[in-house]
Protein chains: 2
Amino acid sequence: MTAYGSPVTASPTGAEKPRRRPYAARVPADVRREQLMDAALTIIVRDGYAAVSVDAIAKEAGVTRPVVYGVFEGGLRDLLGTLLDRQQERALTQLSEALPPEPDLSDPDRLVAETARKMIETVRSNPMVWQPILLAPVGMPAEARSRIDGDRENFVVQLTGLLELGLALRGGPVLDAEVAAHAILAILEHFGRLLLTEPDRFETDRLVSTITGLLGSLK
Amino acid sequence: MTAYGSPVTASPTGAEKPRRRPYAARVPADVRREQLMDAALTIIVRDGYAAVSVDAIAKEAGVTRPVVYGVFEGGLRDLLGTLLDRQQERALTQLSEALPPEPDLSDPDRLVAETARKMIETVRSNPMVWQPILLAPVGMPAEARSRIDGDRENFVVQLTGLLELGLALRGGPVLDAEVAAHAILAILEHFGRLLLTEPDRFETDRLVSTITGLLGSLK
DNA sequence: CACAAATGCTACACCTGTGTAGTAATTACT
DNA sequence: AGTAATTACTACACAGGTGTAGCATTTGTG
């Protein structure tokens, strides 16, 4: 069936033969998995969750759909679930690295300010990790949503504990610690969004000094 | 191939005639428009923005798709745009009704607390209005997103002005008013989300007293 | 260099949603 | 009641995404 001495391919013309698509570089399965997850992440960050599909991911990675199904048996659901695991782990790692290993309890205000600064810088320098988390609480598969909600809830619980301790220790106002923890988380998340959408307008120092300013006037 | 006296078909008749769908009640165009917008809103609140389609809206309203196109020339885009106008207006109206007509500047803390209470009650009693705004900043048509962002920005500007005034008048800490305004908005929105997702856990008083508690300890 | 395993591609059948042309039922008015 | 206008329905052609079976190519190994 192949054309004999067929000139072939060369573009100029001639043959309207439905020439085959050039093969993408062959890549072992586990590397391909990472590539495909990266492609999905790129799409999410650039075009939003709504734009994600097996088709779009395959195109983004420069391969055809069957390749995706070959590596993620469960299709899109499987791929996104795995991606979620990966990103969740990266995010939690980055967060825990921003927390001080051995907190200096003698100066709580300074401790808070330092931690806040580290978190802000982390978010600022890892937009691919944080944008999908901070800028898309909805519109994504329900599973992703509930996963993030779980982490958030977890964080609120920890923060509530810290607050109860901190308020007692530092002598702050008497507050409903849980509600206050929610409020703080809301501010953190919102600052994160500002960082991602208008990084130049809200410099690190500006956000940090608002936090220290507030802390300083809370008595 | 049908069995003659075939039992089948349950219903008395027996005729396998592709019987016509019963006509939906005939309704003048302008009423139909409202009905369809209500149907769309119901879907958004119940199933999320992702579930909205001309087909789904028609089903929800108990009619067929051509009815939708007959009343909204531009199809889905047109319908959602009009719905957005309607909901935006309702939301802004409700907000402005929560604001005091002639603010009593002699007791700013009380003023804030009263206003907060009214806003909370407004959100609590109008979930169909506020859920799509507070619980879905993404995943909706970009147009809706930017519309809401515009209103939010607007609100921040107003709030920034109020803060500058209030801080001077009441004698609070020296703060970056714009950043502080963002922080307050973040808290308001987050409280709104808590109200909508866990109305029983976060009673009105609990949220209000956190606000007054914070205000009272800010010096 | 041959050949087997691993990897990628094409082609198809299916599903869901869009938008429209043509037709049928209902309603309002004489 | 008869009839015209209004409203709703059916049916089709199209577009884009899914998932899979079968074939083609590449690549590692003797």
Side-chain angles (χ1 to χ4, degrees), chain A residues 1-4 6 8-9 15-40 43-44 47-82 139-141, chain B residues 15-37 39-40 43-44 47-82 139-141:
Chain A
M1 44 261 318
T2 57
Y4 286 56
S6 145
V8 196
T9 43
E16 293 290 347
K17 288 287 180 58
R19 56 187 173 300
R20 266 190 159 255
R21 162 189 190 132
Y23 265 53
R26 293 172 87 90
V27 160
D30 48 335
V31 177
R32 189 59 95 194
R33 285 172 72 88
E34 292 299 313
Q35 279 185 3
L36 291 173
M37 285 193 276
D38 289 342
I43 293 171
I44 290 170
D47 309 320
Y49 280 93
V52 179
S53 70
V54 173
D55 206 43
I57 293 170
K59 276 196 179 69
E60 180 72 29
V63 297
T64 56
R65 272 182 297 118
V67 173
V68 178
Y69 290 104
V71 168
F72 289 98
E73 301 245 328
L76 191 59
R77 189 178 179 73
D78 191 358
L79 191 160
L80 289 182
T82 311
M140 48 186 165
Chain B
E16 291 291 348
K17 288 289 180 59
R19 57 188 172 300
R20 269 191 157 254
R21 165 189 187 131
Y23 266 53
R26 292 172 85 88
V27 160
D30 49 334
V31 177
R32 190 59 95 195
R33 286 172 71 87
E34 292 299 313
Q35 280 185 2
L36 291 173
M37 285 192 277
I43 293 171
I44 289 170
D47 309 319
Y49 279 93
V52 178
S53 70
V54 174
D55 206 43
I57 293 170
K59 276 197 179 67
E60 180 72 30
V63 297
T64 56
R65 273 181 298 117
V67 172
V68 178
Y69 291 104
V71 167
F72 290 97
E73 301 244 327
L76 192 58
R77 190 179 179 71
D78 192 357
L79 190 159
L80 288 182
T82 311
M140 49 186 165

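Every chain is numbered from 1 and lettered A, B, ... according to where its sequence line falls, protein lines coming before strand lines. The figures here come from the full heavy-atom set of this structure, side chains too, leaving out hydrogens, waters and symmetry mates.
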Run B:Ile57 and B:Leu76 through side-chain contact (heavy atoms from CB on, under 4.5 Å) and show every step you take. CA-CA 9 Å; B:Ile57 293 170; B:Leu76 192 58; 3.8 Å; yes
Here the distance between atom P of D:dG17 and atom CD1 of A:Ile43, to the nearest Å, is 11 Å
Letter per nucleotide, 5' to 3', of nucleotides 23-30 of chain C [B base touched, S only sugar-phosphate touched, - untouched; heavy atoms, 4.0 Å]: -BBBS---
For DNA chain C, which residues of residues 56-81 of chain B approach it to below 4.0 angstrom with any heavy atom? B:Arg65, B:Pro66, B:Tyr69
Please list residues of residues 30-40 of chain A whose heavy atoms come under 4.0 Å from any atom in DNA chain C, ordered by number; otherwise none. A:Arg32
Over all heavy atoms of both residues, which pair between B:Ala56 and B:Ala51 is shortest? Give the atoms and the distance, please. CB-O, 3.6 Å
Minimal heavy-atom distance between B:Ala24 and B:Val63, with the atoms involved, is CB-CG1, 3.9 Å
Residue set satisfying side chain to side chain donor-acceptor pair (under 3.5 Å) with B:Arg32, at least two apart, ordered chain then number -> B:Gln35
Comparing A:Pro28 and A:Arg21 on DNA chain C - which has the more 5′ nearest nucleotide: A:Pro28
Kindly write out the residues that satisfy side-chain contact (heavy atoms from CB on, under 4.5 Å) with A:Thr82, not counting sequence neighbours, or none if the list is empty. A:Arg33, A:Met37, A:Phe72, A:Asp78
Could you give the distance from CD (B:Glu60) to OG (B:Ser53), rounded to the nearest 0.5 Å? 11.0 Å
Is there any side chain to side chain donor-acceptor pair (under 3.5 Å) pair reaching into residues 65-76 of chain B, and which pairs are they, with sequence neighbours excluded? B:Asp55-B:Arg65
Start with the C-alpha gap between A:Thr64 and A:Val67, add the side-chain angles, then the distance that decides, and say whether side-chain contact (heavy atoms from CB on, under 4.5 Å) holds. CA-CA 6 Å; A:Thr64 56; A:Val67 173; 3.9 Å; yes
side-chain contact (heavy atoms from CB on, under 4.5 Å) for B:Leu79 and B:Val71? Distances and angles first, verdict last. CA-CA 9 Å; B:Leu79 190 159; B:Val71 167; over 6 Å; no
